[in-house]
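Everything below concerns the one structure shown next.
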Amino acid sequence: MILKSFPEGFLWGVATSAQQIEGSPRAGGRGESIWDFYSSVPGNIEDGSNPWTACDHYRRWREDLGWMKGLGVGAYRFSISWPRVFPRGWGALNEAGLDFYEELVDGLLDAGIVPFLTLNHWDLPQALQDRGGWPDRSIVDAFTEYAARVAERLGDRVRFWTTHNEPWCIATLGYEEGCHAPGRQSPEEALAAAHHLLLSHGRSAAEISRIVPRAKVGIVLNLSPAWPASESEGDRDAARWFDGFFNRWYLDPLFRGRYPNDAIADRIARGHLPGTDLPFLREGDLDEIRSPLDFLGINYYSRTVLRAGPDGRPKGVAAGPEKERDEMGWEVFPRGLYDMLLRVHREYGPQALYITENGTALADEPDREGRVRDVRRIEYMRSHLAEAHRAWEAGAPIHGYFAWSLLDNFEWGHGYGKRFGLLRVDFATGERTPKESARWYRETIAANAVDIGGPSSSSRRYP
Ligand code: FCB
C-alpha cells in the first residue's frame, strides 16, 4: 500500500441537500417547493414516492450531527430550503425557517465542523415557478433578495457560500428534458433559465460579499469529460457538442464572460435560438456573471461517451459492456476526475477548487449480521481520491472533498431506490446504520491520506 497525504487543512466533508433529506414540508411555516408539487403528480417519481418524510432530518438533525462527529468530518455541505425562508418565494421573510438553519450551524460550529452552505439545491418555491420560474428574469431579484437575507442572518458564522448547485441540471433536466421539476420541455426556456441562474449567481455573490466581507463565495457545477466513442469525425464532433452544451456553457460565462460560439451555433442549428443575439442577454449581464469566484465546486460522478446518432445528432452511449457501472447506470471512471480538475485548472484558472460531490449508488443491503459491506463504494471513493491527489500534485488547487452523501436519501426522479449514503437509512423507521464505507472514510479522514494502491493494497483490506 502506498499512502499519499493531502495538504494540511484539506477539508474533508460530507454533502446533502435540504429537499433530499429534511422532510417536514409544512413545519415552521415552510412553503411548497417545485419538487413537492412535481412529486405529487403520479408518474413523475419512479417509485411513486415523495420527499415529504425523506430522512426526517428536520427532526433528527442532532442525531445526524452526531454521526458526522463520529466520522470526524471537517466540513458539512448542506443546503438551505428556499421555501422555508420565503414560503411564497418573495415578500415576507419567514424567520422560523432561518431559525432551523441557525441552530444547525451553531451545532456544527460547536462540533468544530465547518458549515459549507448552498443556497439553491433545486427546491425553488412553487410560487416562483407559478410566476415563470428560472426562465423569467424577475427571478434574479428574488434569488438575490433570498441570498441577502440568509447572509444577514448567518454571515457572522458561515464562511463558505455556494449560490447554485448544478445549474445544468436545473435548466436542462427541469426545463428542457422535463424529467426533473418543474417538468417543462422547452429548449428556449432552458436557455433562459441557465442565463438567469448564472446572472443571479453573479448578482447574489456580489451581495453576499458586501454583507459578509470575509465570505468565500462560489458556485457548484456538475462537470463530465466528453469522450468520443471512436476516432471518427462524427463522434469527435458529438463529444465537442456535449462539452459545449454541458461543461463550457457554464464555465465560459463564469470565467471568460461569454457563451461558447460553437455551442451557440449548435443551438441555432437546432432551432433553439433565433440567432447569435441571445434573446435573454442584456448589456452588462456577462460582466456580472464573470465577477471573480473565490472557489469553484465540482461535482464529479462519471464521464460521458458520445457518438454521432443515425440522424447525425450526438447521442450519449454506454462505454461498453465490460465497464463497471453503478445503480444509476453511471460508469465508474476515476481518471475523468483527474482530467476534469486539471483541465479546469489550466483552462480557467479558478483560485480554489473543491470536489463538492463524489459518490456512487449501490444496492446496499445489510447482511445477516446487519452490516452493509459496500466494498465497491470504498473502492469508488478510494480510486477517485487517488485521482484527486494526482491532480493536486500536478498543480490543481484542490482544497477539499465532500462525499455524496452522508445519508441514503430522496434521489429526485428516482425516489428512494438509489442509495448513495455512507449511512444506510431504513426509510420505514428512519434508523441510520453506518456502512463499511463510513468506517473507511473515517480512517481516511483521520490519516488525511489516501491509499493509491501498490503491491499489497487492494479493496480487500476493507472491511
Ligand atoms: C447530483 C445532485 C445531488 C445528487 C447526486 C447523486 O447531481 O447534486 O443532489 O442527486 O447528483
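Every number for a ligand or one of its atoms is a count from 1 in the order of the listing.
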salt_bridge(Asp141, Arg203) N-O dist < 4.0 Å: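 Salt bridge present between Asp141 and Arg203.
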Side-chain donor/acceptor of Ser17 to backbone N/O of His121, under 3.5 Å: no
Backbone N/O of Glu327 and side chain of Trp330: donor-acceptor pair under 3.5 Å: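 Here the side-chain-to-backbone pair does not exist.
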Atom 7 (O) of ligand 1 [closest protein heavy-atom partner, distance rounded to 0.1 Å]: Glu166 OE1, 2.5 Å
Nearest neighbour in protein (non-hydrogen) for atom 5 (C) of ligand 1: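 Result: Tyr301 OH, 3.3 Å.
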Close N or O approach (Trp412, ligand 1; < 3.5 Å): yes
Min N/O separation Glu411 to ligand 1 under 3.5 Å: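 It does: an N or O of Glu411 is found under 3.5 Å from an N or O of ligand 1.
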Please list, in number order, the atoms of ligand 1 under 4.0 Å from a heavy atom of [X].
X	answer
Asn165	8 (O)
Phe420	6 (C)
Gln20	3 (C), 4 (C), 9 (O), 10 (O)

Contact check, Asn222 vs ligand 1, heavy-atom distance below 4.0 Å: no
Non-hydrogen atom of His121 closer than 4.0 Å to ligand 1: yes
Location of contacts on Glu357 toward ligand 1, heavy atoms closer than 4.0 Å: side chain
Part of Met328 with heavy atoms under 4.0 Å of ligand 1, whether side chain, backbone, both or neither: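 Looking at Met328 and ligand 1, no heavy atom falls under 4.0 Å.
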Within 6.0 angstrom of Arg256 CZ, more than 12 heavy atoms from elsewhere: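 Above 12, so yes.
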Gap between atom CG of Leu223 and atom CG of Asp339 - 0.5 Å precision: 12.5 Å
Spatial distance of atom CD1 (Ile80) from atom CZ (Phe78) [nearest 0.5 Å]: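 Result: 5.0 Å between the selected atoms.
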Donor-acceptor side-chain pairing of Asn299 and Asn165 below 3.5 angstrom: yes
Passing candidate, side-chain hydrogen bond (donor to acceptor under 3.5 Å, both in side chains) with Asp36, options Ser40, Ser39, Ser33: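 Testing each of Ser40, Ser39, Ser33 against Asp36, the sole residue satisfying side-chain hydrogen bond (donor to acceptor under 3.5 Å, both in side chains) is Ser33.
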